[in-house]
Protein chains: 2
Amino acid sequence: MNFELTKEYVEQVQELILTENSEAIRSSMTELFPADITGLLYELETPEARYLINQLDTALGAEILAALDPNERREFLKAFTSEEISSYVNLFDSDDAVDLLNEQPIRVREEVIALLEDREQARFILDLLHYDEDVAGGLMQKELVKANVNWNVNQCIEELRKQAEDVEKVYAVYVIDDNGILLGILSLKKIVLANKDTKIERLYDKDVIFVETYRPAEEVAELMQRYDLDALPVVNVQGKLLGRITIDDVIDVITEQANSDTLAMAGITGDVEENDTIWQQTRARLPWLLVGMMGGIVAAKFISFFEGDLKIIPAMAAFIPIIGSTGGNVGIQTSSIILQSIADKTGLDINVWQRLIRMFAVASINGLIISGIVFGFNLLIGNELQLALVVSSALLSVVFLASFMGTVTPILLDKIGINPAVASGPFITTANDLIGYGVYFGLAHLLLNL
Amino acid sequence: MNFELTKEYVEQVQELILTENSEAIRSSMTELFPADITGLLYELETPEARYLINQLDTALGAEILAALDPNERREFLKAFTSEEISSYVNLFDSDDAVDLLNEQPIRVREEVIALLEDREQARFILDLLHYDEDVAGGLMQKELVKANVNWNVNQCIEELRKQAEDVEKVYAVYVIDDNGILLGILSLKKIVLANKDTKIERLYDKDVIFVETYRPAEEVAELMQRYDLDALPVVNVQGKLLGRITIDDVIDVITEQANSDTLAMAGITGDVEENDTIWQQTRARLPWLLVGMMGGIVAAKFISFFEGDLKIIPAMAAFIPIIGSTGGNVGIQTSSIILQSIADKTGLDINVWQRLIRMFAVASINGLIISGIVFGFNLLIGNELQLALVVSSALLSVVFLASFMGTVTPILLDKIGINPAVASGPFITTANDLIGYGVYFGLAHLLLNL
């Protein structure tokens, strides 16, 4: 297949950098795709990477920088002057330029914009900086090809020729009226196949899906997936065409969404990465650890009510972990499956009762098997029949309760507008644990006549 | 914005179906995009949905069915004859056709293929059925536009005209030699702007990224994301062009991958959905519950060694939950962050020592805060100083151990080629719990002179 980054290759490039063999660097880099050079940068030390990129064409350098991971790029660009950054940003797509500038300190951002040679690019960037990162306006790029509805195909191709260098991926030409209002879309395929004198008016497709600047990024992603779009035009409230969002940006949105859901499940708030500062990591993690700790303190207080019982039957303490972990595991499994249904939206027609019945059936099977095995184990190691009965009935109840909680909680959270992914996190796990201990000690107190 | 599915709208359509007002159904459906009609189907009963789709054009019906969720579609198509399914599949893209057929029982699959009117489509499907679903061959479609390197642009456009109906999204024309070997690519933009007499040979781009049929789906997704591709040509080992993979299929791969990682974290094997059978759900969930149960049994056996200690200080039992849950929570948090780094691949240059130092710092802060608070709580409720010391030292040790395990385990799993996402699942959580209890009771036994 294609290019494979090996340790040997990295060392070879490092050798060329060390000997400042600029000629050889340039020629070996022309054999790579820009994205491969980006991959190579991750393996180099910052001064090496800086030397390498300085040997290359500004246009190639811009492509390499555009593909760089934001966190790595923020670090890397500290070694560059605002003039240097500006010469690269000059050649970026406007959406990528805004992303890069948003990573920079305000001073650098202002300087880079002031130094931009391409004044249209500067205007594009200033326009886009108004929007939040997580709405349609923050995802869009200004680069697109538009055609007036009164033109013919030939005029359209001429416009395309003018824009060809700026707009890397065209996908389609957007059709507007004299006031810039979006009227429809004309695919490149149609342009290729059309007679050059045909009026655009007779050719274009009026059924165009668009989005307003203020719509949230998740809605944009959902829309582009549902209608299978490569690019989505963005308009203002008057319907004026302002930009477009391309599918690659939406893939980033989807990936980030999945990432932050996973982190939420693990009890981490916000978008933390391993190379964030210790303070950022602590801030993201401590709150949920404190929730778990509070749960543990409540559990401790609760269990201490039963100290008298434990003094008589200390073997009871041995089953505290299995009660807690079974409740936690069943709860997380159940809510993950429900979460998936909610995200898919295909499960909308399943009503809550059907859900509960199915959940009940699965819980019965799992609960009976687990409590059965634990019952056998208890008898095997010579624990009393009564204790064995208490432990297994508690386990069975915990499986049911955790299944119920795992089904209901994400549905309720979703209804009241909270991200239901937190339902699989420490908060609910802690709640399930507490319920489990309550059932266990309650049953024991009753059945063992303590 | 665009179409919004409301309860009122659904009821309105149901009314039209009930009164068999075929004319009104057809006219109101022409106002919708196919994907919206798919969304509508989820809200209808199967006989209603069947009636609705039967009133529409076969071509429109095919688009609606192609967008339907696989699980829903399998159920829905049970109400259709093989002849009916065949008339729709006839108009599918070949990759979607294969997906649909793979959902069907073998008998139906064979019948549908035998009944296909478009024999080229049948041949495409038989070709594609050879490939596993999770390799490049299983993702590709046969529909594409190719041009011989010896043609000129005009011949290329003629070919495009012939294929225009079959190939919905063209993106680019693939350039091949007389033996069908892939030589390069020619973007639609270049075709639009080129002089019609220009030889393709002088115009096309030789730097084309392609993939062999046997490459795994994840690699395809990674490749298309890295190089920002809309379509990826698929070749056999000889380099012959066999098909192409479009970006929408890759979005599905990414979404499914994220889904199954989340499920793995929650202790669910395989790709289960809420409306899978009770047996499928049990099979996916029971194994991990059994792992958790085994951990619980081991914990019980372990704690029972300390029954003598518990008889003397039953208050010790009260802190079993907080030890277990803190270990579990810290372990999951840590491994999730490491997992993210592994998935991003940008963290490759962080060496294991740097990772451990950072982990150690975060663990120190979190551990000290938590054990400090719990220490205060213990004194507050009047527990003995010695017990308070034991609990808090155990907590601190557990935070460190769980952080260490959470850092090392996913890295090791990844190195030996196991999906590291399972590291956040019940298995590691269980291991962390056990280590925690060991530390707690060990410390207690030592410090309390039991």
Side-chain angles (χ1 to χ4, degrees), chain A residues 2 35 42 69 72 157 160-161 170 188-189 191-193 209 226-228 247-248 258 262-263 266-268 274 278 281-282 285-286 289 292-293 296-297 299-300 303-304 307 310-311 314 317-322 324-326 329 332-333 336-337 341 346-347 349 361-362 365-366 370 377 426, chain B residues 2 35 42 69 72 157 160-161 170 188-189 191-193 209 226-228 247-248 258 262-263 266-268 274 278 281-282 285-286 289 292-293 296-297 299-300 303-304 307 310-311 314 317-322 324-326 329 332-333 336-337 341 346-347 349 361-362 365-366 370 377 426:
Chain A
N2 312 286
Y42 294 133
D69 175 77
E72 303 273 335
I157 292 177
L160 200 58
R161 199 180 303 280
V170 176
L188 272 194
K189 189 169 81 174
I191 297 176
V192 174
L193 300 179
I209 297 187
R226 183 174 356 139
Y227 297 109
D228 200 1
I247 188 70
D248 51 316
T262 308
L263 291 179
I268 298 173
E274 199 188 353
I278 290 160
Q281 290 203 32
T282 308
R285 294 173 56 174
L286 190 58
L289 292 179
M293 185 206 67
I297 285 180
I303 293 173
S304 70
E307 267 181 30
L310 281 166
K311 234 184 169 100
F319 295 96
I320 294 176
I322 203 172
S325 66
T326 305
N329 290 342
I332 288 188
Q333 284 188 338
S336 299
I337 291 178
S341 280
T346 56
D349 52 338
V362 177
I365 300 172
N366 287 337
I370 286 172
F377 164 77
Chain B
N2 312 287
Y42 295 133
D69 175 77
E72 303 274 334
I157 292 177
L160 201 58
R161 200 181 303 280
V170 176
L188 271 194
K189 189 169 79 174
I191 296 176
V192 174
L193 301 179
I209 297 185
R226 181 170 2 133
Y227 297 111
D228 200 1
I247 188 71
D248 52 316
T262 308
L263 292 179
I268 298 172
E274 199 189 351
I278 290 161
Q281 290 203 34
T282 308
R285 294 172 57 175
L286 191 57
L289 291 179
M293 185 206 69
I297 286 180
I303 292 173
S304 70
E307 267 181 30
L310 282 166
K311 232 181 173 106
F319 295 97
I320 294 176
I322 202 171
S325 66
T326 304
N329 289 343
I332 288 188
Q333 284 188 340
S336 297
I337 291 178
S341 280
T346 57
D349 52 339
V362 177
I365 300 173
N366 286 336
I370 287 173
F377 163 78

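In what follows, every chain begins at residue 1, and chains take the letters A, B, ... in the order their sequences are listed.
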* Residue list, salt bridge (Lys or Arg N to Asp or Glu O under 4.0 Å) with A:D248, at least two apart or on another chain -> none
Which one of [options] has the most heavy-atom pairs closer than 4.5 Å to chain A?
options	answer
B:A35, B:S304, B:A300	B:A300
B:E307, B:K311, B:R161, B:Q333	B:Q333
B:T326, B:I370, B:I157	B:I370

Tell me, for [X] versus chain B, whether the close heavy atoms (under 4.5 Å) come from the side chain, the backbone, both or neither.
X	value
A:I365	side chain
A:S325	side chain
A:I278	both

Given the options [options], which has more heavy-atom pairs under 4.5 Å with chain B than any of the others?
options	answer
A:A258, A:A299, A:P321	A:P321
A:L289, A:I191, A:L160	A:L289
A:P314, A:G292, A:G296	A:P314

Could you tell me which non-hydrogen atom of [X] sits nearest to which non-hydrogen atom of [Y], and how far apart they are?
X	Y	value
A:A318	B:I303	CA-CG2, 3.7 Å
A:L310	B:A317	CD1-CB, 3.6 Å
A:M293	B:I322	O-CD1, 3.6 Å

* Asked: Which bit of B:V170 comes within less than 4.5 Å of chain A, counting heavy atoms only: side chain, backbone, both or neither?
  -> side chain
* Tell me, side chain or backbone of B:I247 under 4.5 Å from chain A's heavy atoms, or both, or neither? -> side chain
* Structure fact -> In this structure, CZ of A:R285 is separated from CG of B:N366 (nearest 0.5 Å) by 6.0 Å
* Asked: So A:L188 and B:V192, side-chain contact (heavy atoms from CB on, under 4.5 Å) or not? Walk me through it.
  -> CA-CA 8 Å; A:L188 272 194; B:V192 174; 4.2 Å; yes
